[in-house]
Amino acid sequence: MNPMLRANLKNSIAWRLLRGLKRLAAPPRAAVPADQRTGQIVWTNAPPAVEAGATLDLKLQLVNRAGVPWPAGGTQPVALRARWLTRFGEPFDQPERTVPLPANLYPGEPRTLAFKMTAPDVVGDFALALDFVQNGQGFGETRTALTVVGPRSTDIDYHAVYRTANLQQNHWWVVGAYHSKEQYEQSSKERREMLVRCGLTPDFRVLDIGCGTGQMAGALENYLSPKGAYAGTDIGAEAIEFCERTFTKPNFAFRRGGMTDVPFNADGSFDMAIFFSVFTHTFPDETALLMAEARRLLKPTGTIIADVITSPLVERGAGHRGEMVLNKDYFLKLARMLGYEGEVIGRWPWNRHAERFMFQLRRSR
Ligand SMILES: C[S@@+](CC[C@H](N)C(=O)[O-])C[C@H]1O[C@@H](n2cnc3c(N)ncnc32)[C@H](O)[C@@H]1O
């Protein structure tokens, strides 16, 4: 039928009357027969990503595609159910919601339904499953993929951080959750000991990518021999200037880098590349490009030490610069693509679903 004619007909008084009569003649039945459980749910304002724990304002369009009306009330109402599923399609441990239909749902008549739903409180790739439910039995399910990222309030812009920080006073505070300068220095010693366990010797040439205010430069200043060398790079101009003023040995060099490039050109000359709390702030593709830079600058025998926050709820990576969460297997796959095999040299619980790992990567080809 001509769409214009159809629209006119649908708005006509006769048509509305007919529809009203149809409702009188066919009041909603209590239990929807199994063969009448066909419906359509469209989430009309679905966002591609949402902040962890945020309240979502959902607007849905519901259509009963069956031949009989569905009751909104009575003893066996049909309702709308919303559940979070993990990327594996398993229920996520967050309470589901069941929302009453606004009115009986008549065949073919679209109804809108609006309600609020809390997003998962952790970062990950989720799906929101929406279905009709009657007597605990669901039907007409639709799933919408949605990435949950960290709250905006926890995002970080390192350029802004360094611009506003007083590094002379609190260089230790801007680069991590340290309570004091002593704790920062203790952590740098522990990291150096870990690097020694990974093969570091005083004659090593060390590349520190995302060197910050020189936590490892400080730890290595009196450890590396004159034959050894340290090269630090960071996106923060103020951090690099601070390091240049603070660490002045001739075999120590600092350069400001870009998001995905390391501004040294002594290809194949370093023994160890370290990324401490850096891949926790870069997006997965940036992480891959930075690792490729490390490979370019490392000797074939060279090794990479890096820590990563991981969660199985994430397919590749999700989050923001304040905290990036990667899938562990995806990170190891990236390493393998660059010819490195990864070994776990440390791990700590991070949150309900995430763990923080320290990896040592060695060239396999
Ligand atoms: C948490 S701080 C850690 C600093 C230092 N590695 C440490 O452990 O003390 C993260 C550092 O990574 C730097 N950063 C972030 N993204 C970077 C990138 N793409 N390339 C180089 N540095 C980066 C930041 O500017 C910041 O100094």
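Note that ligands are numbered from 1 as they come in the structure, with each ligand's atoms numbered from 1 the same way. These numbers come from a predicted model, not from an experiment.
Between Glu343 and Arg362 there is a salt bridge, since a side-chain N of the basic residue sits under 4.0 Å from a carboxylate O of the acidic one. Ion pairing between Arg336 and Asp329 fails under the 4.0 Å rule for side-chain N and carboxylate O. Salt bridge annotation for Glu141-Arg83: present, with a cationic side-chain nitrogen under 4.0 angstrom from a carboxylate oxygen. Between Glu185 and Lys189 there is no salt bridge, since none of the side-chain N atoms of the basic residue sits less than 4.0 Å from a carboxylate O of the acidic one.
The number of heavy atoms from other shown groups lying within 6.0 Å of CH2 (Trp43) is above 12.
Neither the backbone nor the side chain of Thr280 comes within 4.0 Å of ligand 1, counting heavy atoms alone. Under 4.0 Å from ligand 1, the heavy atoms of Thr282 that appear belong solely to its side chain. At a 4.0 Å heavy-atom cut-off, ligand 1 touches Met259 through backbone and side chain alike. Heavy atoms of Ala239 found under 4.0 angstrom from ligand 1: none, in either backbone or side chain.
For the pair Arg356 and Trp350, the cation sits on the ring face: its NZ or CZ lies under 6.0 Å from the ring centre, inside 45° of the axis. For the pair Arg191 and Phe276, the distance from NZ or CZ to the six-membered ring centre is under 6.0 Å and the angle to the ring normal is within 45 degrees.
Two rings, from Phe270 and Phe204, have their centers 6.0 Å or more apart.
Of all protein heavy atoms, the one closest to atom 8 (O) of ligand 1 is Arg191 NH1, 2.7 Å. Looking from atom 27 (O) of ligand 1 to the surrounding protein, the closest heavy atom is Tyr162 OH, 2.5 Å. Looking from atom 22 (N) of ligand 1 to the surrounding protein, the closest heavy atom is Gly210 CA, 3.3 Å. At the shortest separation from atom 14 (N) of ligand 1 among protein heavy atoms lies Ile235 CG1, 3.8 Å. In terms of protein heavy-atom proximity, atom 3 (C) of ligand 1 is closest to Phe276 O, 3.6 Å. The protein heavy-atom contact nearest to atom 13 (C) of ligand 1 is Asp234 OD2, 3.4 Å. Residue, atom and distance of the protein heavy atom nearest to atom 10 (C) of ligand 1 are Ser277 O, 3.2 Å.
Side-chain contact check for Gln186 and Glu190: at least one donor-acceptor pair (N or O, by modelled atom type) lies under 3.5 Å.
Short contacts between ligand 1 and Gly258, defined as distances under 4.0 Å to a heavy atom of the residue, involve ligand atoms 20 (N). Listed by number with element, the atoms of ligand 1 under 4.0 angstrom from any heavy atom of Gln215 are 7 (C), 8 (O), 9 (O). Ligand 1 places these atoms under 4.0 Å from at least one heavy atom of His281: 1 (C), 10 (C).
For the pair Gly214 and ligand 1, no heavy-atom separation below 4.0 Å is found.
One distance of note links OH of Tyr184 with CD of Gln215; it measures 5.0 Å at 0.5 Å rounding. The OG1 atom of Thr44 sits 7.0 Å away from atom CG of Leu60, with the distance rounded to the nearest 0.5 Å.
The distance criterion of under 3.5 Å between nitrogen or oxygen atoms is not met by Val175 with respect to ligand 1. For ligand 1, the polar-atom distance check against Cys211 finds no nitrogen or oxygen pair separated by under 3.5 Å.
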